[in-house]
Amino acid sequence: MNAPAAPSLNPAQLEAVHHLSGPCLVLAGAGSGKTRVITHKIARLLHSGLAPRQIAAITFTNKAAAEMRERARGLVGARGAKDLVISTFHSLGVRMLRSDGERVGLKTNFSILDSDDVLGVLRDCGGNTDNALARRWQWTISLWKNQGLDADAAEAAAADDDQRVAARVMRLYQERLAAYQSVDFDDLIGLPLALLKRDEEVRCKWQAMFGHVLVDEYQDTNAVQYELLKALVGGGPHGFGGAGSRPFTAVGDDDQSIYGWRGATVENLRRLPQDFPSLKVIPLEQNYRSTGHILRAANAVIAGNPKLFDKKLWSELGEGEPVKVIECDGEEHEAERVVARVQALRAGRTGDGAAVKFADIAVLYRANHQAKVFEQKLRAAQIPYKVSGGTSYFDRAEIKDLCAWLRLIVNNDDDPAFLRAVTTPKRGIGHQTLAALGEFAAKRKESLFEALFAPTLSAALKGKAIDALHEFGRYVNDLEYRARHTSGAEDARVYLMGWLKDIGYEQHLHDGEDSEKLASARWTNVLDFVDWIARRCGGETAAEVAGTVEESERRSVFDVAQTISIIISIAERGEDGDVVTLSTLHAAKGLEWPHVVLAGVNEGLLPFKGSDEEMSAERLQEERRLMYVGITRAQRTLAVSWLRRRKRGRETVAGMASRFITEMKLDEAVAKEDPRERLKRLRAELVARVQASEHAAAASSPAALARKATEASG
DNA sequence: CATACATGAATTTTT
DNA sequence: TTCATGTATG
């Protein structure tokens, strides 16, 4: 995937790579080889004399960062790639705060709360409010922070009572975070920015550190991230932006901006030429991914949006096949037809007849719940698949609980783990106690766990609370000791089950869950997890670790726990071979497949329309970009399906094809098709079909199945 | 206070 | 359909 078709860079790419002296904006259309540009530019920068550590490439996801490092390694070798600063905005923020956070009142080993933790804190702040309200607050507060507002600014700008309440909760929340010596994800951007703005010494240090900053997916930046970028590249009268800044490269595509709802703003693209008058804007318009029909459909759809910059994709890959529209009776029918198409593609009975793997095929849709029917039908047809973008096994609360304990056992100073473990299950240690402990620890610049055994703690806390904390601490120490001396799957299982019994975890699940069924489902997950860890402690017959079936080495629980985050990330990456991908459109961004089906392309679903809000022009434009992103994921064939009847709530309502299907102007495309092209295509299809029927007759597979598949593909 | 039933609402996601 | 929250009843 993502393999460049061209052996060398095209003129626009070259220009982008060679522009080292000033600010540069690369408008990288879908499939135009932007990662190539970034990696080649990194190589060029190294060649021009910058040290690896002076080059910062910033991405949005860890996955993107890992991929970029991999690609860079391929180009400049392992030695050069190792010291490149390739990281996400957030991990760069962590780095800055770990190094200089003390200047904004943060001890060096502050904790980072995940969104579950945040929800808990917010519920506390609001006096044990219900989940839904707390979630709304979380949402609102996060958006505010993304716009660079603090509690005061938010309260001043609050539009109604709800927002005023949220702003007051935000103030409490910030106080609580400070007391816990914790930050949330948004703070990982906001606090470094505050740091750079406030402290000239620190600002100079970081500005001097990076000779060139590259930002990937620039259209996804929010206001605060843009400010942080400006602060990093410096220049200008106030040290931000303007003339005299360090050179940087922003790579993005306004047509692929699909994260406005979480604070990203295309404004950042609009402002870039204004804030940096010497900005060099370079559009990359040659697409190396998709065939003509697909690209034309994409261009036609996106033409419905006002454009910021002039840019139109073209391709040398030939016309390919026309985009197919599949009209379905309902969701079930849609899933059946999609499955049939998968089978037809796989049997090579469509397109140019090249061998098609399951992994070459993706089904993309607007909302997660749409995956369900496809899963059912794919399972029924025995087609392997993976769902990307859904909640992962490792995101489940119970698994995170246990991981927190293991993290704490391995690293006593992991404060987020401490906070989670010490309160799950509840053991009479509340936020009063924890706030006091946090404050105490912060003063001493110690982790919570260290602070817990300090003799002077008794000055800050009452005896009862201290007793509870000490008991917890002793228990964790005991667990740690035994974890080091327990190895082999069987003993590990005993150890882990004993631990769960000690902390009363099963009971905890039943207490927290009012449905018995759900509680036992969670407990089953826990048992799976225990088994999963135990197996990794080895010593058993034929333990299947990383696919090998050899007698494995015995490893201690401690060792296994130590590598748990790595194991999880590998398990999550799922190098799971030849499977069909089911994914939301959002999660599909940046990926590509030879064959793509866009499912449920209905008015109301894509463009999505909630129950009672009317759609603003901006919302519609973002939906259109989403459609554009979907179309441009396809390399060789694209099918778009929609539902004549759609379920909404309990009732079934008439479904309408999305306006985006009309906007693709498919009829026009076929009509304008070169007659020779068309003849060639039809003949190829015919040949493929004849071959297919021969193949079907020869194979033992039921003829009915083959007929069905052919039907659906034609 | 806990359980049972009714009613209403349903995006997108990374760190 | 499913999930979560609210209300009524024991």
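A note on names: the letters A, B, ... follow the listed sequences, proteins ahead of strands, and every chain is numbered from 1. This structure is a prediction, so every number in the text was calculated from the model and none was measured.
Enclosure of atom CD in A/E102 by more than 12 non-hydrogen atoms of other residues, nucleotides or ligands within 6.0 angstrom is indicated. Environment of CZ in A/R645: sparse, with no more than 12 heavy atoms of neighbouring residues, nucleotides or ligands closer than 6.0 Å.
Nucleotide B/dT12 holds its P atom 19 Å from the CZ atom of A/R633, rounded to whole Å. Following rounding to the nearest Å, A/K372 (NZ) and B/dT11 (P) show an atom-to-atom distance of 14 Å. Atom CG in A/L626 sits roughly 7 Å away from atom C1' in B/dT12 (whole-Å rounding). For A/L585 and B/dT11, the CG to P distance is 15 Å, given to the nearest whole Å. To the nearest angstrom, P of B/dT12 lies 10 Å from OH of A/Y365. Atom P of nucleotide B/dT13 and atom CG of A/N146 are separated by 17 Å, given to the nearest angstrom. When the C1' atom of B/dT14 is taken as reference, atom CG of A/D187 falls 16 Å away, rounded to whole Å. Rounding to whole angstrom units, CG of residue A/L143 and P of B/dT12 are separated by 16 Å.
Partners of A/S142 by side chain to side chain donor-acceptor pair (under 3.5 Å), not counting sequence neighbours, listed by chain and number: A/D186.
Looking at the side chain of A/R366, the nearest of the listed nucleotides C/dT2, B/dT13, B/dT11 is B/dT11. Looking at the side chain of A/A367, the nearest of the listed nucleotides B/dT15, B/dT11, B/dT13 is B/dT11. Relative to the side chain of A/H586, the nucleotides B/dT13, B/dT15, C/dT2 differ in distance, and B/dT13 lies closest. Out of B/dT15, B/dT14, B/dT12, the shortest distance to the side chain of A/H90 is found at B/dT15. In the set B/dT11, B/dT15, B/dT13, B/dT13 carries the atom at the smallest distance from any side-chain atom of A/R262.
For B/dT13, one of the phosphate oxygens OP1 or OP2 lies less than 4.0 angstrom from a side-chain nitrogen or oxygen of A/N368. For the OP1/OP2 pair of B/dT14 and a distance below 4.0 Å, the side-chain nitrogens and oxygens of A/N62 include no atom meeting the criterion. Here A/S91 does not reach the OP1 or OP2 of B/dT15: none of its side-chain N or O atoms lies under 4.0 Å away.
Side chains of A/Y226 and A/R271: a donor-acceptor N/O pair is absent below 3.5 angstrom, by distance only.
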Return all side-chain donor-acceptor pairs below 3.5 angstrom for residues 258-265 of chain A, not counting sequence neighbours, or 'none' if the list is empty.
unit_1 : atom_1 : unit_2 : atom_2 : d
A/Y259 : OH     : A/H586 : O      : 3.4
A/W261 : NE1    : A/I258 : O      : 3.0
A/W261 : NE1    : A/H586 : NE2    : 3.3
A/T265 : OG1    : A/E267 : N      : 3.0

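Both geometric conditions, a ring-centre gap below 5.5 Å and a plane tilt below 30°, are fulfilled for A/W261 over the base of B/dT12.
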